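A quick note: this is a predicted structure, and the numbers were derived from the prediction, not measured.
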Amino acid sequence: MSRDAAPQKAKSRTIKSHLFKRAGAPAWSKASVAGRVHPRQLAFALPHAESLSRDNFLEGPANAAGLGLIDSWPEWPNRIMWLAGPEGSGKSHLAAIWAEEAGARSTTANALTAAGVPGALATGALVVEDLKARDFDERALFHLMNLAREDGAYVLLTGREVPASLEIELRDLRSRLRAVPVVALLPPDDQLFRGLIVKFCADRQLTVDESVVGYLATRLERSSAAARQAVELLDSEALRLGRPVTRALAAELLRDP
């Protein structure tokens, strides 16, 4: 194996180790693909833009409450709302839909600064993504919440946890956050999960048949993140091996060693 090919193979092993639905599930088997095709082809990691438009949002019971929140704006129960859900549950997609509708600016929680708060709220609407404990400036967020209330601005906060579970040192901020209404996203049901697999394939311009979708749906952890990672693995390995994405390839990559 060339030194150029080694990092790609290591990436594949890392991705696969997170895909299965139960602890103790098989890790990557070096014999699954390695040694079968010679010479080896280097797969370049090209960027693939995921569509975050309203038309490309897949609806289901798991995200119905979150979509309802976005569609009900500006008739929110509070001008500051919190959208909670596990990794890959659709928080960023819903936030992007709302930002487009509301003319909101977007930032990550760890990029928010007190000095930047007035500019961030300049359009009267702001998305602050990925709020997690000890990864943001508490005083900056407190300033943001105060200024948003004074100016009548709308703020959509997102995070994997609900506010009550975060460890917040600033007492006034802790009190304010716990008063923010929370809308939760749930793990996808079977129909939504299959739809997500198809969507991630389409985002990468991959054509797959139902046998591939069905195989992945029954083998993977039931999460959007696992589906995305599996499709990324299939795409990169198919390119490297010069093969189409088929159920046989999926079985080689995801089977027990």
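Residues Pro244 and Leu249 share a closest heavy-atom pair of O-CD2, 3.6 Å. Smallest separation of non-hydrogen atoms from Arg247 and Val212: N-CG2, 3.3 Å. Scanning all heavy atoms of the two residues, the minimum distance from Leu173 to Glu138 falls at CD2-O, 3.4 Å. Contact detail for Trp98 and Ala125: the closest heavy-atom pair is CH2-CB, 3.7 Å. Minimum heavy-atom separation, Ala238 to Val245: CB-CG2, 3.8 Å. Scanning all heavy atoms of the two residues, the minimum distance from Tyr215 to Ala251 falls at OH-CA, 3.4 Å.
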For residues 143-150, which side-chain N or O atoms pair as donor and acceptor with protein atoms under 3.5 Å away, sequence neighbours left out?
unit_1, atom_1, unit_2, atom_2, d
Asn146, OD1, Arg176, NH1, 2.2
Asn146, OD1, Arg176, NH2, 3.2
Asn146, ND2, Phe142, O, 3.4

Less than 3.5 Å apart, which donor and acceptor atoms pair up between the side chains of residues 178-190 and the rest of the protein, not counting sequence neighbours?
unit_1, atom_1, unit_2, atom_2, d
Arg178, NH2, Ala164, O, 3.4
Asp189, OD1, Gln191, N, 3.4
Asp189, OD1, Leu192, N, 2.8
Asp190, OD2, Arg194, NE, 3.2

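Within the 4.5 Å cutoff, the side chain of Phe136 has no heavy atoms near those of the Thr108 side chain. Residues Arg243 and Glu237 fail the side-chain proximity criterion, which asks for heavy atoms closer than 4.5 Å. Annotation: side chain of Leu157 is in contact with side chain of Val155 (closest heavy-atom distance under 4.5 Å). Residues Leu254 and Leu216 have side chains in contact (heavy-atom distance under 4.5 Å, counting atoms from C-beta outward). The shortest distance between side-chain heavy atoms of Ser223 and Phe193 does not fall below 4.5 Å. In this structure, Asn63 and Phe57 have side chains that are in contact, with non-hydrogen atoms separated by less than 4.5 Å.
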> Stepwise, does the side-chain contact (heavy atoms from CB on, under 4.5 Å) test hold for Glu169 with Arg174?
Replying inline: CA-CA 7 Å; Glu169 294 183 2; Arg174 184 167 63 245; 5.7 Å; no

> Step by step, would you call Lys199 with Leu58 a side-chain contact (heavy atoms from CB on, under 4.5 Å)?
Replying inline: CA-CA 8 Å; Lys199 178 184 183 301; Leu58 298 179; 3.9 Å; yes

>> What verdict does the side-chain contact (heavy atoms from CB on, under 4.5 Å) test give for Thr113 and Asp137, after you've listed the backbone C-alpha separation in whole Å, the side-chain angles of each residue and the deciding distance to 0.1 Å?
In response: CA-CA 7 Å; Thr113 65; Asp137 184 333; 5.6 Å; no

>> Using the rule given for side-chain contact (heavy atoms from CB on, under 4.5 Å), can you reason through Val117 versus Leu141, listing the C-alpha separation, both sets of side-chain angles and the distance that settles it, and then say yes or no?
In response: CA-CA 8 Å; Val117 164; Leu141 184 59; over 6 Å; no

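Evaluation of the salt bridge (Lys or Arg N to Asp or Glu O under 4.0 Å) test over residues 102-129, restricted to residues two or more places apart or in two chains, returns none.
Applying the side chain to side chain contact (heavy atoms under 4.5 Å, CB included) criterion to Thr107, with sequence neighbours excluded, gives Ala111, Leu112, Leu126, Val128. For Glu167, the side-chain hydrogen bond (donor to acceptor under 3.5 Å, both in side chains) partners at least two apart in sequence or on another chain are Arg134. Take Ser175 and apply the side chain to side chain contact (heavy atoms under 4.5 Å, CB included) test, not counting sequence neighbours, and it matches no residue.
Residue Val162 is not grouped with residue Leu94 when hydrophobic side chains (ILVMFWY) are merged at heavy-atom distances under 4.5 angstrom, including chains of intermediate members. By the rule that hydrophobic residues join a cluster once side-chain heavy atoms approach within less than 4.5 Å of another member, Tyr154 and Leu67 end up as members of one cluster.
Atoms CG and CD1, on Leu156 and Ile70 in that order, are 5.5 Å from each other to the nearest 0.5 Å. Atom OG of residue Ser89 and atom CG of residue Leu83 lie 7.0 Å apart, to the nearest 0.5 angstrom. Annotation: the span from Trp76 atom CH2 to Met81 atom CE amounts to 7.0 Å, rounded to 0.5 Å. Taking CG from Asp172 and CZ from Arg139, the interatomic distance works out to 9.5 Å, rounded to the nearest 0.5 Å. How far CG of Leu234 is from CG of Leu239: 12.5 Å, rounded to the nearest 0.5 Å. One distance of note links CG of Leu69 with CD1 of Ile97; it measures 11.5 Å at 0.5 Å rounding.
Ser236 places a side-chain N or O within 3.5 Å of a backbone atom of Glu232 that can act as its donor or acceptor partner.
At a threshold of 4.0 Å, the pair Lys132-Asp130 counts as salt-bridged, since one of the basic side-chain nitrogens sits closer than that to a carboxylate oxygen.
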